[in-house]
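Some notes on the structure that comes next.
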Amino acid sequence: MTTISAVAKAAGVSVSTVSHVLNKTRYVSPEKVKLVMDTVEAIGYIPNALARSLKLSSTGTIGLAISAISNPYFSDIICAIEAECSKRGLIVFLCDTQDDPDRELELVQHLHQRRVDGIILAPSGDPKRSLDYLIESDLPCVLVDRLSDSRFDQVGTDNVAAIRTLVDHLVTLRHRRVGIILGQPGFATTVERMNAFRAAMTERGIKVQEDLISDSNNNTADATASTHRLLELKEPPTAILASNNLTMIGAMRAIRERGLRIPADISVLGIDDFEWADYFEPRLTLMAQPCDEIGRKAADLLIERIGNKRRPCQTVRLSPVLRLRESCGEPA
């Protein structure tokens, strides 16, 4: 393997000059920088990243442990994190936890063993072991989307504001029997959205009806079955609120299977705007989460934490935006 000494000898400069050029640790004249870089290219020298990381106590790498990578919501956040890290000269290692607590812990440990500078984590429904490991190992970490532990920096959507806005929209249209299809049990987002729904309905003088709440939907099939159950009630809901894009897909499937018209027979709205929401007929009213901003802020917080492990932790809740379309109307 070509060494830094060989580069120095071929360029006619000292080893320290080559090191300063490659690591940008000291001013070197533009002429010598060009000479060194031309020599590096000519003789095919590849810097030893491992040796450099040991010297600098930094690998320039970030671990991103997240679930449902194929989900457009998380895909947008991943892209924003990677773009922001790339601007800072950092490389992102992406891992899919599959929302499995055992796999989550294993991946967090593997990332730590590979000496990443920090981790961005979307916690599973039972993340205690992973979070305790991160605290014990003093590894910088930011939680994204699911804000479950104030011992960490966290960034996600203001779920209370999102649910309140959707409930207000339905109440303005005179809906009183509102069904809600929630996501996976145990997730911080599921708990926050359920509590926010109960509070918003109560504050507006509407009794919360337990038979209209479905709080354990792991996938679109579960959401479809839950929506059928709501629509089979003696007094079915006049509107359905889907708490994420996957529950929306399941709800829409059930509504179509029953031959109901939106919004003539039932109103539908939810959280998570997605690229093809405009292609439903009618177009769906949704709360758009600020995915790009969440990703950028998560990267910023992690880089700050790497630079200062002892600063106070921050919890950042970003405002969603209501996209009013045609899927809601007054009760039939």
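Everything numeric in this text was worked out from a predicted model, so none of it was measured. Hydrogens, waters and symmetry mates play no part in the numbers below; they use all other heavy atoms, side chains included.
Contact of the I66 side chain with the I78 side chain is registered, since non-hydrogen atoms from C-beta on lie closer than 4.5 Å. You'll find the side chain of Q98 stays beyond 4.5 Å of the side chain of S67, heavy atoms only. Put simply, the side chain of S267 does not reach to within 4.5 Å of the side chain of T238, judged on heavy atoms. Within the 4.5 Å cutoff, the side chain of V13 has no heavy atoms near those of the V21 side chain. Proximity of Y73 to I294: side-chain heavy atoms (C-beta onward) are separated by under 4.5 Å at one or more points. Looking at I303 and E84, their side chains never come closer than 4.5 Å, going by heavy atoms from C-beta outward. For the pair P127 and P101, the minimum side-chain heavy-atom distance is 4.5 Å or more. Side-chain contact between D273 and M287 is absent, with no heavy-atom pair separated by less than 4.5 Å.
Here the shortest heavy-atom pairing between V144 and P123 reads O-CD, 3.9 Å. Pairing each heavy atom of L286 with each of I271, the nearest pair is CD2-N, 4.5 Å. The two residues I81 and G295 have their closest heavy-atom pair at CG1-O, 3.4 Å. In this structure, H175 and I206 approach most closely via the heavy-atom pair O-CD1, 4.1 Å. When all heavy atoms of G179 and P237 are compared, the closest pair comes out as N-CB, 3.6 Å. Minimum heavy-atom separation, A200 to R204: O-NH1, 2.8 Å.
For S14 and T17, the side-chain atoms include at least one donor-acceptor pair closer than 3.5 Å. S214 and N217 share a side-chain donor-acceptor pair at under 3.5 Å. When only modelled atom types and interatomic distance are considered, E257 and H228 share a side-chain donor-acceptor pair under 3.5 Å. With hydrogens and angles left out, the side-chain atoms of N244 and T247 include a donor and acceptor closer than 3.5 Å.
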- Task: Could you go through the side-chain contact (heavy atoms from CB on, under 4.5 Å) check for V36 and V18 one step at a time?
- Result: CA-CA 6 Å; V36 169; V18 176; 4.1 Å; yes

- Task: Could you give me the CA-CA distance, side-chain angles and deciding distance for F152 and L121, then say whether side-chain contact (heavy atoms from CB on, under 4.5 Å) is met?
- Result: CA-CA 10 Å; F152 298 87; L121 173 68; over 6 Å; no

- When you look at T59 and R115, which way does the side chain to side chain donor-acceptor pair (under 3.5 Å) test go after all the steps? CA-CA 7 Å; T59 59; R115 299 175 58 85; over 6 Å; no

- Query: Given E104 and D99, is the side-chain contact (heavy atoms from CB on, under 4.5 Å) satisfied, shown in steps?
  - Reply: CA-CA 7 Å; E104 175 183 69; D99 284 328; over 6 Å; no

- Stepwise, does the side-chain contact (heavy atoms from CB on, under 4.5 Å) test hold for V316 with L301? CA-CA 10 Å; V316 179; L301 287 173; 4.3 Å; yes

- Query: Would R129 and D102 satisfy salt bridge (charged side-chain N to carboxylate O under 4.0 Å, His left out), going step by step from the backbone distance to the final call?
  - Reply: CA-CA 9 Å; R129 288 178 298 153; D102 293 333; 2.4 Å; yes

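Rounded to the nearest 0.5 angstrom, L324 CG and L269 CG are separated by 9.5 Å. Separation of atoms SG (C79) and CG (D292) is listed at 8.5 Å; rounding is to 0.5 Å. Rounded to the nearest 0.5 angstrom, Q289 CD and N159 CG are separated by 6.5 Å. The OG1 atom of T39 sits 12.5 Å away from atom NZ of K32, with the distance rounded to the nearest 0.5 Å. To the nearest 0.5 Å, atom CD1 of residue I255 and atom OG1 of residue T224 are 10.0 Å apart. Rounded to the nearest 0.5 Å, atoms CZ (F187) and OG (S124) are 6.5 Å apart.
A side-chain donor-acceptor contact under 3.5 Å links S327 to the backbone of T285. Here the side chain of S86 pairs no donor or acceptor atom with the backbone of E82 at under 3.5 angstrom. Counting only distance, with no hydrogens or angles, the side chain of T190 and the backbone of G186 share no donor-acceptor pair below 3.5 Å. Although no hydrogens or angles enter the test, the distance criterion places a donor-acceptor pair under 3.5 Å between the side chain of T172 and the main chain of D168.
Salt bridge absent: D153 and K297 never bring a charged side-chain N and a carboxylate O closer than 4.0 Å. A salt bridge is absent between R305 and D117; no separation between the charged side-chain nitrogens and carboxylate oxygens falls under 4.0 Å. Using a cutoff of 4.0 Å between basic side-chain nitrogens and carboxylate oxygens, E232 and R258 are scored as salt-bridged. Using a cut-off of 4.0 Å between Lys/Arg side-chain N and Asp/Glu carboxylate O, R193 and D215 are scored as not salt-bridged. One finds a salt bridge joining E192 and R317 here, because a Lys/Arg side-chain nitrogen approaches an Asp/Glu carboxylate oxygen to under 4.0 Å. Electrostatic pairing of D272 and R323 does not count as a salt bridge here, judged by no charged N lying under 4.0 Å from a carboxylate O. Residues R103 and D96 are not paired through a salt bridge, judged by the lack of any N-O separation under 4.0 Å between the basic side chain and the carboxylate.
Linking ILVMFWY side-chain heavy atoms closer than 4.5 Å, directly or via other members, places M201 and V268 in two distinct hydrophobic clusters. Transitive grouping of hydrophobic side chains (ILVMFWY, heavy atoms separated by less than 4.5 Å) keeps L233 and L241 in distinct clusters. Criterion: ILVMFWY side-chain heavy atoms under 4.5 Å apart, direct or through other members. Under it, L107 and F93 are not part of a common hydrophobic cluster. In terms of hydrophobic clustering, with Ile, Leu, Val, Met, Phe, Trp and Tyr side chains grouped at heavy-atom distances under 4.5 Å, V178 and I240 are assigned to different clusters. When the side chains of ILVMFWY residues are joined at heavy-atom separations under 4.5 Å, either directly or via intervening members, I163 and V321 end up in two distinct hydrophobic clusters.
For the salt bridge (Lys or Arg N to Asp or Glu O under 4.0 Å) test, residues two or more places apart in sequence or in another chain that qualify with R283 are D278, E326.
Other members of the cluster containing V191 do not exist, because no ILVMFWY side chain is joined to it at under 4.5 Å.
Annotation: L94, atom CG; neighbour count of heavy atoms from other residues, nucleotides and ligands within 6.0 Å is above 12. Crowding of R174 atom CZ: a count of heavy atoms from other residues, nucleotides or ligands under 6.0 Å not exceeding 12. Within a 6.0 Å radius of CD in E41, other residues, nucleotides and ligands contribute 12 heavy atoms or fewer.
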Residues 131-143 side chain polar contacts: donor-acceptor under 3.5 Å, at least two apart:
from: D132; atom 1: OD1; to: R151; atom 2: NH1; distance (Å): 3.4
from: D132; atom 1: OD1; to: R151; atom 2: NH2; distance (Å): 3.1
from: D132; atom 1: OD2; to: K128; atom 2: NZ; distance (Å): 2.6
from: Y133; atom 1: OH; to: H112; atom 2: ND1; distance (Å): 2.8
from: S137; atom 1: OG; to: Y133; atom 2: O; distance (Å): 2.9
from: S137; atom 1: OG; to: L134; atom 2: O; distance (Å): 3.3
from: D138; atom 1: OD2; to: R310; atom 2: NH2; distance (Å): 3.3

